[in-house]
Protein chains: 2
Amino acid sequence: MPGPTLRDVAKRANVSIRTVSNVVNGYAPVSDELRVRVQAALDELDYRPNLIARNLKQGRTGMIALAVPELDVPYFAELVREVITAARAHGYVVMVDQTDGDLERERELLGRDSRATMFDGLLLSPLAISADELRGRGNRVPVVLLGEHIFNGSFHHVAIDNVAAAREATEHLLALGRRRVAAIGDQPYATGETAQLRTIGYRQAHARRGLDVDDRLVVPTPRFHRRLGAEAMERLLALPDPPDAVLCYNDLLALGAMRALTRAGRRIPDDIAVVGIDDIEEGQYSTPSLTTVAPDKAEIARRAVGVLLQSINGAAPQPAEIVVPHRLVVRESTAG
Amino acid sequence: MPGPTLRDVAKRANVSIRTVSNVVNGYAPVSDELRVRVQAALDELDYRPNLIARNLKQGRTGMIALAVPELDVPYFAELVREVITAARAHGYVVMVDQTDGDLERERELLGRDSRATMFDGLLLSPLAISADELRGRGNRVPVVLLGEHIFNGSFHHVAIDNVAAAREATEHLLALGRRRVAAIGDQPYATGETAQLRTIGYRQAHARRGLDVDDRLVVPTPRFHRRLGAEAMERLLALPDPPDAVLCYNDLLALGAMRALTRAGRRIPDDIAVVGIDDIEEGQYSTPSLTTVAPDKAEIARRAVGVLLQSINGAAPQPAEIVVPHRLVVRESTAG
DNA sequence: CATGATGTCTGCATCGTTGCAGAGCCCTCA
DNA sequence: TGAGGGCTCTGCAACGATGCAGACATCATG
């Protein structure tokens with residue numbers, strides 16, 4: 001069922017293809033008489049422009065690709081939503097892909113046979129791919145990185161100040177008088193740069209008060225999921241001298257940790273206070289509700305889309321680290 | 001930075017454009033000698049096929065569109081994930097859009113100026129648009145409907161058996177000995193058909209046991225969000241004779257309801273048992289964990305993508321109601 | 001040696017649209 | 001009257017790829 005083309009409409013209205021095109025696009029001077037006649041033909045045939053052809057001619061598609069590790073991780077779902085909204089404001093639509101944090105999938109996005117040529121630009125939230133490899137690939141389309149990873153100056157990169165975020169969250173716990181503050185989510189290996197930044201912030205907060213960090217309280221997790229947060233918490237509870245507060249490197253870890261605490265009969269925040277990072281909606285409705293560091297997700301999306309579109313339009317400033325604001329949201333899990 | 005084209009490669013390798021195309025696609029007989037020479041040229045220039053051009057020629061894009069009301073509603077996020085996975089298995093990618101359950105946005109997807117011509121098919125989870133309007137639009141591309149709404153035979157439609165799902169959940173509560181079972185989430189108006197089906201199931205369960213339904217226990221909500229679930233629960237608690245169990249029409253409502261119950265000092269499930277529908281991951285980690293009806297989301301995605309691709313390939317069977325299995329998952333919120 | 005079958009390779013047309021240059025036409029003004 | 005300028009409208013070429021038909025060379029066969 002291929003729809004009617006400009007040619008069909010032109011034949012019916014007895015005008016040139018070009019004139020129909022002009023009517024469709026509101027271009028150029030077209031006499032009222034013809035305009036009416038052509039419009040009638042358009043309506044009768046229910047003409048819809050073939051965007052593929054238009055794109056081929058114009059060299060752009062009006063689509064950007066957005067690749068995140070996991071769509072059903074609430075933080076990413078909320079981010080995707082904001083990106084779609086931001087892109088929409090500029091007349092762009094978004095092709096969403098998930099990489100599962102899988103190196104191969106991330107490579108595919110940039111590789112020879114990818115569908116990348118269908119998109120005017122790529123927003124990538126990388127987990128596995130290395131900076132060098134990213135740079136090495138002769139990308140045809142502009143790329144903007146989201147959140148994870150630091151890519152010293154080769155790419156535009158949008159994120160919050162992770163060191164400050166973790167530091168402020170930790171300071172909040174210390175200010176409550178807690179003295180054994182644990183950290184869940186460190187990733188002391190190549191691709192865990194975001195986690196490492198948060199660990200730095202966590203240590204800074206201690207250092208500023210002249211406090212030592214008990215390294216047994218820093219529990220690494222390979223990913224940021226509820227189950228891993230619960231397991232990490234169980235390990236912490238098994239210590240001879242368990243923590244009285246915990247900074248989780250994202251809200252899912254925190255929710256998992258709270259689940260483990262409740263199951264173990266610990267009271268939150270009385271026995272142990274919990275802080276997360278991300279401010280996912282779920283944290284407002286958990287029991288207890290979750291204190292967290294809220295990145296300005298809408299702003300992340302706006303900035304990322306904005307700089308990507310600038311690059312697409314050739315008005316690209318130098319690749320820059322774009323830092324988006326965040327703020328601490330105090331709820332029941334530390335409001336004891 | 002427009003990349004090299006077949007023409008550029010052909011010139012460099014001193015062969016015809018057509019031969020380069022053959023090498024790229026592995027088509028036709030090409031002598032080893034030429035193959036090697038062309039491949040070298042391809043590599044040197046780092047050629048990537050222009051998919052837009054290819055699509056124009058072939059009349060298909062390898063992309064489908066998926067429109068859901070809200071991406072950050074966990075059920076939809078999980079569904080989107082499965083759809084992307086299912087489409088990927090067939091070599092398709094997915095453009096995701098969110099309608100916010102807004103009539104205009106749903107219309108846009110089908111309307112004249114939509115980007116619909118860029119996609120080979122559309123998976124739509126409609127909230128606002130009416131059956132008549134959907135049918136009236138001369139759609140260029142195949143459409144498959146997900147979840148919401150019943151469209152008597154005009155479209156392929158994939159969903160669980162909502163009546164049975166609600167009935168089984170209610171029977172589970174009644175089997176526990178609960179006798180004042182409330183229902184949160186009815187939508188007694190045109191576009192709330194899924195909710196209405198669930199209400200039917202809820203009533204059937206009562207009828208089968210010869211029990212009457214106290215209509216004050218059936219609380220409508222315009223949407224399926226945590227906050228609305230909490231508010232509905234508060235209203236139920238204010239009744240002179242509050243319920244001892246509640247069926248929520250999705251898990252978000254249930255999580256909101258549980259939040260309200262906890263805040264009000266009620267014990268779950270001792271004072272009141274709670275059941276949801278959707279089986280979102282969050283329900284496994286809530287306190288208490290949530291009993292729910294689990295639709296087979298992966299199967300929904302597979303069936304929907306499967307029938308959509310069949311339609312795209314012209315091998316379209318008659319529009320059909322495709323019913324996907326579900327099962328009751330009992331967790332702490334009713335396991336008292 | 002003529003014939004035809006096979007195997008390689010090429011050029012032209014085409015997908016549906018838009019950019020560009022220019023063809024008519026009418027009007028104005030010297 | 002005729003040169004010049006606007007206004008409409010048209011046809012051709014092009015975007016980058018693939019389908020098709022056919023050209024050419026090679027080879028086996030009778």
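Letters A, B, ... mirror the listed sequences (proteins, then strands); counts begin at 1.
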- Task: When you get a sec, tell me which of D:dA17, D:dC15, C:dC15 is the closest nucleotide to the side chain of B:Leu56?
- Result: C:dC15
- Salt bridge present between B:Lys297 and B:Glu78 (N-O < 4.0 angstrom): yes
- Task: Measure from CG on A:Leu51 to P on D:dC15 and round the result to the nearest Å.
- Result: 21 Å
- Query: Roughly, in whole Å, what's the span from NZ in B:Lys11 to P in C:dG11?
  - Reply: 13 Å
- Task: For B:Ile17 and D:dG16, give me the distance from atom CD1 to atom P, rounded to whole Å.
- Result: 11 Å
- Side chains of B:Gln98 and A:Thr85 in contact at under 4.5 Å (non-hydrogen atoms): yes
- Could you tell me the separation between the CE atom of A:Met118 and the C1' atom of D:dC15, rounded to a whole number of Å? 16 Å
- Does OP1 or OP2 of D:dT18 have a side-chain N or O of B:Ser21 closer than 4.0 Å? yes
- Taking NZ, NE, NH1 and NH2 as the nitrogens, is one of them in B:Arg81 or A:Asp100 under 4.0 Å from a carboxylate oxygen of the other? yes
- Item | Pair A:Asn22-A:Arg18, side-chain donor/acceptor within less than 3.5 Å | yes
- Side chain of B:Leu34 - closest among C:dC9, C:dG16, D:dT18: C:dC9
- To the nearest Å, how far apart are A:Leu6 CG and D:dC15 P? 19 Å
- The nucleotide from D:dT18, C:dC15, C:dT17 with an atom nearest the side chain of A:Asn50 is C:dT17
- Item | d(CZ, A:Arg7; P, C:dT17) in whole Å | 10 Å
- Message: Both A:Asn22 and B:Arg54 contact DNA chain D. Which one's nearest nucleotide lies toward the 5' end?
- Response: A:Asn22
- Query: Among D:dC15, C:dC9, D:dT10, which is the nearest nucleotide to the side chain of A:Thr19?
  - Reply: D:dT10
- Query: Between D:dT18, C:dT18, D:dT10, which one does the side chain of B:Asn25 approach most closely?
  - Reply: D:dT18
- Task: Identify whether the distance between the nearest side-chain nitrogen and carboxylate oxygen of A:Glu70 and A:Arg223 falls below 4.0 Å.
- Result: yes
- Query: Can you find a donor-acceptor N/O pair under 3.5 angstrom joining the side chain of A:Arg18 to the base of C:dG19?
  - Reply: yes
- What nucleotide among D:dA17, C:dT17, C:dT10 has an atom nearest to a side-chain atom of A:Thr5? C:dT17
- Length of the CZ-C1' vector between B:Arg37 and C:dT8, whole Å: 13 Å
- Item | Whole angstrom value for the distance that separates P of C:dC9 from CG of B:Asn14 | 13 Å
